[in-house]
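Just so it is clear, the values below take in all heavy atoms, side chains as well, and ignore hydrogens, waters and symmetry mates. Treat the numbers as computed from the prediction; the structure is a model and nothing was measured.
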Amino acid sequence: MTQQSMHIETKLIHAGEPESRIEGAVTLPIFQSSTFQYAGQDHYDQLKYIRMNNTPNHIALHQKLAALENAEAALVTASGMAAITTTFFALLSPGDHFLVQDCLYGGTLDFINSDFKTLGVSFDFVNGNEPDAWTSQLKPNTKAIYVETITNPLMAVADLKAVAAFARNHRLISMIDNTFASPINFRPSEWGFDLSLHSCTKYLNGHSDIVAGAVIGREDLIQKIAHKLIHLGGSLDPHACFLLHRGLKTLAVRMKHQNVSALAIAKFLAAHPSVETVNYPGLDTYTGYHLARKLLDGFSGMLSFEIKGDVSAADGFIARTHIPISAPSLGGVETLITRPVTTSHSGLSPEEREAAGISDRLIRLSVGLEATEDLIDDFNRALT
Ligand code: PLP
């Protein structure tokens, strides 16, 4: 059986593992060595050194991640933001113009809003669901387009097939932050995207115990990004590589549970009289449901909602829940609850948040691996 023909569950366990087991070890050991013996390398990037991202722990992860998304290559980084910003630094130059989806993770949006000026890169926001409008936003110097598979925190799903086709037709580099979907629910290369970016801190590691990132996609672009990463220094430590490698092996079982559990919770919330709106692409009442069904294999464990009343009603609800932990971040085994205005999107001004459609009372939930029934009971009590 070739690796290409394996199911993703099998690739999670076996892709990228050393051909012959090191000393028979079933699990790839941690190579906690900053430097390695010189072996005649004739290029700086090939010297074996942690910052060059080429220890056995890095190489195994690169191969596994590329295999998961059926892509040519992959690169791990010290955080999701390191993956995103290093990609921008590597592929955008002063004078370039960039098209960006109008509702993104707060850290990415804040970087674009505040740091692109210094880089000399101009940008315009696009509505991910209005492909007919994108052509009018093109400029002769437009270089790339950037979207998220499922946006944070409103869970919008753009017309992703149209994004990849638009980029191809206009010779733009297409980039997508695939953190919320994970390769279980969406594999960007299969839809024609050039690059997929991840905060591996979330679903890919899945245990809320490391910060890590990845870029997956076209080999020529990954090489450029890897070279820039060597200069910027945002390399992942081998011990964190090991934890990410371990976490990845259970991604399929975790994500499948989270897909099912989040859908049940979204349905419960949508039917509750104290709940005003629920944002979850798997609800057939949600705008974009039919598009999401065509694109995604599952809708992820993330949802957001507003309950009736003001901000204090939202805070009261969060305080009355027992199981979820009130904390930023997502994608772990424990259910996390947060108001994005106080955490993931607190770096944006009130005007920027309003423009992105993020209200002060919006609550975001990252569904963990607890029993769905216990979570629903907990929410029911906290709502009543
Ligand atoms: N992309 C998305 C969608 C995120 O939610 C986050 C963090 O919350 C990031 C990127 C940044 O990742 P990290 O915190 O690993 O730098």
Side-chain angles (χ1 to χ4, degrees), residues 80-81 84 99-116 123-130 146-160 176-181 197 199 201-202 262 265-266 269-270 274-283 285-289 291-292 299-319 321 324-331 335-367 379:
M81 282 310 292
I84 294 165
L99 291 176
V100 187
Q101 192 177 4
D102 54 7
C103 183
L104 294 177
Y105 163 62
T108 311
L109 197 55
D110 197 14
F111 181 79
I112 291 171
N113 277 330
S114 47
D115 295 290
F116 266 32
F123 62 93
D124 279 301
F125 290 112
V126 293
N127 180 324
N129 296 102
E130 288 180 4
Y146 184 97
V147 295
E148 290 181 359
T149 315
I150 303 174
T151 64
N152 180 3
L154 293 176
M155 317 300 154
V157 179
D159 192 341
L160 301 177
I176 183 164
D177 183 330
N178 198 31
T179 301
F180 270 39
L197 298 106
S199 167
T201 313
K202 320 297 193 230
I265 293 168
L269 289 171
S274 304
V275 176
E276 209 165 277
T277 48
V278 180
N279 304 314
Y280 187 68
L283 283 182
T285 47
Y286 190 55
T287 325
Y289 165 73
L291 179 63
F299 303 106
S300 107
M302 296 300 300
L303 56 108
S304 61
F305 58 100
E306 286 175 5
I307 57 173
K308 290 180 181 157
D310 55 14
V311 172
S312 62
D315 280 338
F317 167 77
I318 293 173
T321 59
I325 302 164
S326 171
S329 201
L330 58 111
T335 296
L336 299 180
I337 195 163
T338 190
R339 266 199 309 121
V341 164
T342 61
T343 53
S344 58
H345 290 69
S346 57
L348 303 187
S349 67
E351 294 73 33
E352 285 166 344
R353 287 197 296 258
E354 198 185 322
I358 302 162
S359 77
D360 287 357
R361 64 202 178 103
L362 186 75
I363 297 170
R364 193 189 74 181
L365 194 68
S366 166
V367 178
F379 295 141

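- Under the 3.5 Å distance criterion, with hydrogens and angles disregarded, no donor-acceptor pair is assigned to the side chains of Thr151 and Gln101.
- Remark: side-chain polar atoms of Ser366 are not paired, donor with acceptor, to backbone N or O of Met302 under 3.5 angstrom.
- In this structure, Leu109 CG and Ile358 CD1 are separated by 7.5 Å, a value rounded to the nearest 0.5 Å.
- Checked by atom type and distance alone, the side chain of Glu130 never pairs as donor or acceptor with a backbone atom of Asn127 at under 3.5 Å.
- We find that Glu306 and Arg361 are joined by a salt bridge, their nearest charged nitrogen and carboxylate oxygen being less than 4.0 Å apart.
- Between the Glu148 side chain and the Tyr105 main chain, a donor and an acceptor come within less than 3.5 Å of each other.
- Note: Thr149 OG1 to Phe180 CZ = 10.0 Å, rounded to the nearest 0.5 Å.
- When only modelled atom types and interatomic distance are considered, Ser199 and Thr179 share no side-chain donor-acceptor pair under 3.5 Å.
- For the atom pair Phe379 CZ and Leu269 CG, the distance stands at 7.0 Å (nearest 0.5 Å).
- Side chains of Arg364 and Asn152: a donor on one and an acceptor on the other come within 3.5 Å.
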(message) Show, in sequence, the C-alpha distance, side-chain angles and deciding distance for Phe305 and Phe317, and conclude whether the ring pair (Phe, Tyr, Trp, His ring centres under 6.0 Å) test is met.
(response) CA-CA 12 Å; Phe305 58 100; Phe317 167 77; 5.8 Å; yes
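- A donor-acceptor pair is defined here as one N or O able to donate and one able to accept, closer than 3.5 Å; no such pair exists between the side chain of Arg339 and the backbone of Ala314.
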(message) Could you go through His345 and Glu352, starting from their C-alpha distance and side-chain angles, then the distance that decides it, and tell me whether this counts as side chain to side chain contact (heavy atoms under 4.5 Å, CB included)?
(response) CA-CA 10 Å; His345 290 69; Glu352 285 166 344; over 6 Å; no
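- Within the 4.5 Å cutoff, the side chain of Leu104 has no heavy atoms near those of the Asp177 side chain.
- Atom CG of Leu362 and atom CG of Asn279 lie 6.5 Å apart (nearest 0.5 Å).
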